[in-house]
Amino acid sequence: MNSVKILAIESSCDETSIAIVENGSKVLAMTTNTQINTHAKYGGVVPEVASRMHAENITIVLHETLTKANLRLEDIDAIAVTYGPGLLGSLLVGVNFAKTLAFIYNKPLIAVNHLIGHIYANNIENKLEFPLLSLIVSGGHTELLYVSNDYEFKLLGATLDDAIGESYDKVAKVLGLSYPGGPNVEKLAKDGVDYYDLPLPVNDGTYNFSYSGLKSSVLNLVNKEKMHGHKILKENLAYSFQKVAVMEICIKVNKALEEYNVKQLVVAGGVSANNYLREQLETVCQKYNTKVTVPSLKYCTDNAAMIGAAAYYLYQHKIFANLDLDACSYLDICD
Ligand code: KG4
Ligand code: ZN
């Protein structure tokens, strides 16, 4: 097939990102406008502010991306967009923008699931090798999947309550760290030791995860120490929390590697930026001679290149969306 250039749009949370991706792996240009500094003032993403900022920025981000790639919209083969899951108002900005471009320039429209995008982020600098296990760890998701081939997903387990990224963010708040908490907790933990005894979530033998218990344990511990007039050793608490949070992941990954013979573990989502998690997963996978693939930082967190990478398979199979495409804030990976 000739070179296929997909213009991809991602606006599901607090990043307005547009990329042009060739043949599902070569990123010709990407611009990501992050709203983190604005939301940090509120300690988390404010949905109304996020959608307004997407609307303000999206045409600027488009212009910058086309300029960087030295391309015009006429040169693009298809328009891809994240249609869910995510914040409804934020998703709607991207979806309506994509529909408008597809209509005006008469291009096929491709609807991409954000979670599938995170998995295909691993196809940009490396190549997905099937069958594989995929671990999605983000602010909204903690999922383990068996992927036998392109777009053939079997959900093994998911979080029963909080997502791992969410628990990092909440623990960060308790420790007085700014949003987004994950990178700050990781940084603090580097200077800590395993001092506090935090319980591992009950292991029920399934692939499901649980993080609300761990979060409550941290909260209770902080309150108790305060009541007794003890000083919280923040570095140590960050270390002990991270150790248990990552152990929960490693136990399930180990179980899946025992059960499934796979070529690769691909890690996806914002928390995959965490070095401690990467190291621990490497250790588990070494036992099974399984390769671990993690995207570089700019493709770990929300970005449009991953949406362009995931859209390529849909383009090849002519799986196009209609102009009545709607945003879905709740969307399963298997939908
Ligand atoms: O995938 P993502 O950018 O957005 C979605 O949730 O879809 O993930 C954001 C999450 C936040 O909870 C953030 O705290 C977490 O990823 N995160 C990290 C790290 N970097 C980002 N968590 C732990 N360690 C990190 N280094
Ligand atoms: Zn994400």
Side-chain angles (χ1 to χ4, degrees), residues 8-17 19 32-36 39-40 43-45 47 50 54 81-88 90-91 94 112-122 134-143 158-159 162-175 177-190 192 209 211 214-215 218 238-239 241-249 266-281 294-307 309-310 328-331 333:
I9 301 165
E10 156 65 38
S11 70
S12 65
C13 191
D14 58 349
E15 331 275 352
T16 318
S17 183
T32 303
N33 182 292
T34 179
Q35 307 172 1
I36 278 183
H39 297 295
V45 178
H54 283 306
V81 64
T82 304
Y83 76 109
L87 301 171
L88 192 62
S90 293
L91 287 164
V112 178
N113 181 316
H114 179 81
L115 300 174
I116 297 178
H118 273 306
I119 296 174
Y120 277 79
N122 288 286
S134 173
L135 173 71
I136 305 179
V137 278
S138 74
H141 297 269
T142 311
E143 294 183 2
T159 182
D162 294 352
I164 181 170
E166 194 179 351
S167 74
Y168 264 95
D169 294 337
K170 286 179 179 162
V171 166
K173 231 177 193 171
V174 174
L175 294 175
L177 303 170
S178 62
Y179 176 85
N184 292 328
V185 171
E186 182 183 15
K187 216 152 96 202
L188 200 64
K190 282 206 180 93
F209 304 88
Y211 280 100
L214 176 59
K215 174 195 67 191
V218 172
Y239 187 101
F241 158 75
Q242 177 161 265
K243 189 189 114 188
V244 175
V246 169
M247 200 188 290
E248 167 81 341
I249 299 278
V266 301
V267 193
V271 185
S272 58
N274 186 287
N275 281 314
Y276 179 75
L277 172 69
R278 291 178 184 212
E279 283 162 20
Q280 296 301 310
L281 287 173
V294 191
S296 62
L297 204 60
K298 67 178 174 214
Y299 301 130
C300 275
T301 46
D302 290 350
N303 69 89
M306 68 184 196
I307 303 304
C328 301
S329 57
Y330 294 97
L331 192 60
I333 200 146

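Heavy atoms only: backbone and side chains are in, while hydrogens, waters and symmetry mates are out. Just so you know, ligand 1 is whichever comes first in the structure, and atom 1 is the first atom listed for that ligand.
- Atom numbering of ligand 1 starts at 1 in the shown order; those under 4.0 Å from a heavy atom of Gly139 are 5 (C), 6 (O), 8 (O), 9 (C), 10 (C), 12 (O).
- Of the possible polar contacts, one joining the Ser11 side chain to the Gly94 backbone as a donor-acceptor pair under 3.5 Å is found.
- Every heavy atom of Gln242 sits 4.0 Å or more from the atoms of ligand 1.
- Of the protein's heavy atoms, Gly270 O, 3.7 Å lies nearest to atom 17 (N) of ligand 1.
- Exactly one of Val174, Asp162, Asp169 qualifies for a side-chain contact (heavy atoms from CB on, under 4.5 Å) with Lys215. That residue is Asp162.
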Show the numbers, then the answer: is there a side-chain contact (heavy atoms from CB on, under 4.5 Å) between Lys190 and Tyr276?
-> CA-CA 9 Å; Lys190 282 206 180 93; Tyr276 179 75; over 6 Å; no
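- With a 4.0 Å cut-off on non-hydrogen atoms, His118 touches ligand 1 through its side chain and not its backbone.
- Atoms of ligand 1 found under 4.0 Å from any heavy atom of Gly165 (numbered from 1 in listed order, with element): 12 (O).
- The nearest protein atom to atom 26 (N) of ligand 1, hydrogens excluded, is given as Glu186 OE1, 2.8 Å; this is a heavy-atom distance.
- Remark: side-chain polar atoms of Tyr168 are not paired, donor with acceptor, to backbone N or O of Pro183 under 3.5 angstrom.
- Around NZ of Lys187, the count of heavy atoms belonging to other residues, nucleotides or ligands within 6.0 Å does not exceed 12.
- Selection from Val271, Leu87, Asp302 by nearest heavy atom to atom 4 (O) of ligand 1 gives Asp302.
- Considering only non-hydrogen atoms, atom 22 (N) of ligand 1 lies nearest to Gly182 out of Gly182, Gly86, Gly117.
- Nearby protein atoms of type N, O or S around the Zn ion (ligand 2) amount to 3 (distance under 2.8 Å).
- To the nearest 0.5 angstrom, Ser178 atom OG is 14.0 Å from His39 atom NE2.
- Partner of Asn122 under the side-chain contact (heavy atoms from CB on, under 4.5 Å) criterion, out of Pro295, Ser134, Ser272: Pro295 alone.
- At least one side-chain heavy atom of Leu281 sits under 4.5 Å from a side-chain heavy atom of Leu135.
- Counting heavy atoms closer than 4.0 Å to ligand 1, residue His114 contributes side-chain atoms (C-beta onward) but none from N, CA, C or O.
- At least one heavy atom of Gly140 sits less than 4.0 Å from an atom of ligand 1.
- Inclusion of Asp169 in the set of residues having an N or O under 3.5 Å from an N or O of ligand 1 is warranted.
- Side-chain contact, His118 with Asp302: a donor N or O sits under 3.5 Å from an acceptor N or O.
- A donor-acceptor pair under 3.5 Å is absent between the side-chain atoms of His141 and the main chain of Gly165, judged by distance alone.
- Below 3.5 Å of separation, one finds no N or O of Thr301 facing any N or O of ligand 1.
- For the atom pair Leu87 CG and His54 NE2, the distance stands at 7.5 Å (nearest 0.5 Å).
- For atom 24 (N) of ligand 1, the closest non-hydrogen atom on the protein side is Asn274 ND2, 3.0 Å.
- Side-chain N or O atoms of Glu15 include none that pairs as donor or acceptor with a backbone N or O of Thr32 at under 3.5 Å.
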